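Quick notes on the structure that follows.
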Number of protein chains: 2
Amino acid sequence: MPDIQPDKATVAQQIRHLQDTLYVVNGKWKLPILVAVHQGNSRFRDIQRSVQGITTKVLSTELKALEQNKLVVRKVYDTSPPTVEYTTSSYCDTLQTMILEMIAWGKNHHDRIREE
Amino acid sequence: MPDIQPDKATVAQQIRHLQDTLYVVNGKWKLPILVAVHQGNSRFRDIQRSVQGITTKVLSTELKALEQNKLVVRKVYDTSPPTVEYTTSSYCDTLQTMILEMIAWGKNHHDRIREE
DNA sequence: ATATCTGGCATCCTTTAGGTAACTGGCATC
DNA sequence: GATGCCAGTTACCTAAAGGATGCCAGATAT
């Protein structure tokens, strides 16, 4: 008996949760940036090089948004010139399994498309 | 020894997979629509009622996109007036775990925000 | 000396997503 | 015979996302 049909209220609830998630990670760049940072790219230019095709302006605004949502931490070191380091927060780690699922699906999908 | 640092090429690869996924499911509405349809809402108006705030135009265009990506199947029955039924494809099922993760995170996030 | 790297900012522009409102045509209902 | 339901379509519009280019200032590398 797979896939028990939940009542409308439950479905509506699930959709709302989904929309909450989308609100935070929506857009073309936020998740790719998070992956890049999480994998050790802490410098602005490193991140830019990791995320193919992103411009400085977009990266800059997206990093700010991610910082506001407490997924990314920005640290400035008082060197000269100042060094800036981005890291993912521990809260960002809660996104891990979700992101891994998305990566896995993308890989699968890509393979499937190529077969056609 | 958690979180072994993968090499740049691997990271770039992962980001590309992620972007492939985003290309298919990006936007405010596609995933919510998929959930609504998957949960048994097969009629246009039912879907619209399930996905709070969506307009007929947006729903119509999004359904077409989802059909093109083979996540949704559209069937027209030759009744009078014609009956139209949307269902999720079996390929769409491969998105299940990913979507469930997103729902779970959204719920968690919502609770967390409320606590502040 | 000059070329390049750093972490961005400013400006301008284009594209896309998404929203508003009105309308359709056939059927069923009141 | 007026109203409402279904499954949309059309035309128009706004806001936001994204892109292109140029620039800065200090530092390091050649």
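Proteins get letters first, then strands, A, B, ... in listed order; numbering begins at 1 in each. This is a predicted model, so every value here is computed, not measured.
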So, using side chain to side chain donor-acceptor pair (under 3.5 Å) as the criterion, who are the partners of Gln13(B) when residues are at least two apart? Arg16(B)

Measure all distances between protein nitrogen or oxygen atoms and nitrogen or oxygen atoms of nucleotides 13-19 of chain D, and list the pairs falling under 3.5 Å.
residue: dG18(D); atom: OP1; partner: Lys28(A); partner atom: N; Å: 3.0
residue: dG18(D); atom: OP2; partner: Glu62(A); partner atom: OE2; Å: 3.3
residue: dG18(D); atom: N7; partner: Lys57(A); partner atom: NZ; Å: 3.4
residue: dG18(D); atom: O6; partner: Lys57(A); partner atom: NZ; Å: 3.2
residue: dG19(D); atom: OP1; partner: Lys28(A); partner atom: NZ; Å: 3.2
residue: dG19(D); atom: O6; partner: Lys57(A); partner atom: NZ; Å: 2.5

Grouping I, L, V, M, F, W and Y whenever their side-chain heavy atoms are under 4.5 Å apart, do Tyr77(A) and Ile47(A) come out in a common cluster? no

Find out whether Glu67(B) and Leu63(B) are in side-chain contact, i.e. whether some heavy atom of one side chain is under 4.5 Å from a heavy atom of the other. no

Using a 4.5 Å cut-off on heavy atoms from C-beta on, say whether the side chain of Leu22(A) contacts that of Pro32(B). yes

Quick one: closest heavy-atom pair of Gln39(A) and Val11(B), and the distance? CB-CG2, 3.7 Å

Quick one: closest heavy-atom pair of Ala36(B) and Val51(B), and the distance? CB-CG2, 3.9 Å

Students should find that the nucleotides of DNA chain C closing off the region near chain B, any atom under 4.0 angstrom from a heavy atom, are dG18(C) to dC27(C)

Counting a pair only when it is Watson-Crick or G-U and both distances are under 3.5 Å, which runs of at least 3 such pairs involve DNA chain C? C:1-5 with D:26-30, C:7-30 with D:1-24

Between Lys64(B) and Thr56(A), which has a closest nucleotide on DNA chain D that is more 5'? Lys64(B)

I'd like to know if the side chain of [X] and the backbone of [Y] have a donor-acceptor N/O pair within less than 3.5 Å.
X         : Y         : value
Lys107(B) : Ile103(B) : no
Arg74(A)  : Glu85(A)  : no
Thr88(A)  : His38(A)  : no

Rounded to the nearest 0.5 Å, what separates atom CG in Leu100(B) from atom CG in Leu95(B)? 10.5 Å

Can you tell which of Thr94(B), Asp20(B), Thr97(B) makes a side chain to side chain donor-acceptor pair (under 3.5 Å) with Trp105(A)? Thr94(B)

Taking side chain to side chain donor-acceptor pair (under 3.5 Å) as the criterion, tell me which of Arg49(B), Gln48(B), Arg43(B) meets it with Asp46(B). Arg49(B)

Anything under 3.5 Å between a protein N or O and an N or O of nucleotides 27-29 of chain D, put it in a table, one pair a line.
residue: dA27(D); atom: OP1; partner: Ser80(A); partner atom: OG; Å: 2.3

Would you mind telling me which residue lines up with the more 5' stretch of DNA chain C, Asn26(A) or Phe44(A), judged by nearest nucleotide? Phe44(A)

Pairing residues for Ser89(B) by the side-chain contact (heavy atoms from CB on, under 4.5 Å) criterion, not counting sequence neighbours: Val73(B), Tyr91(B), Cys92(B)

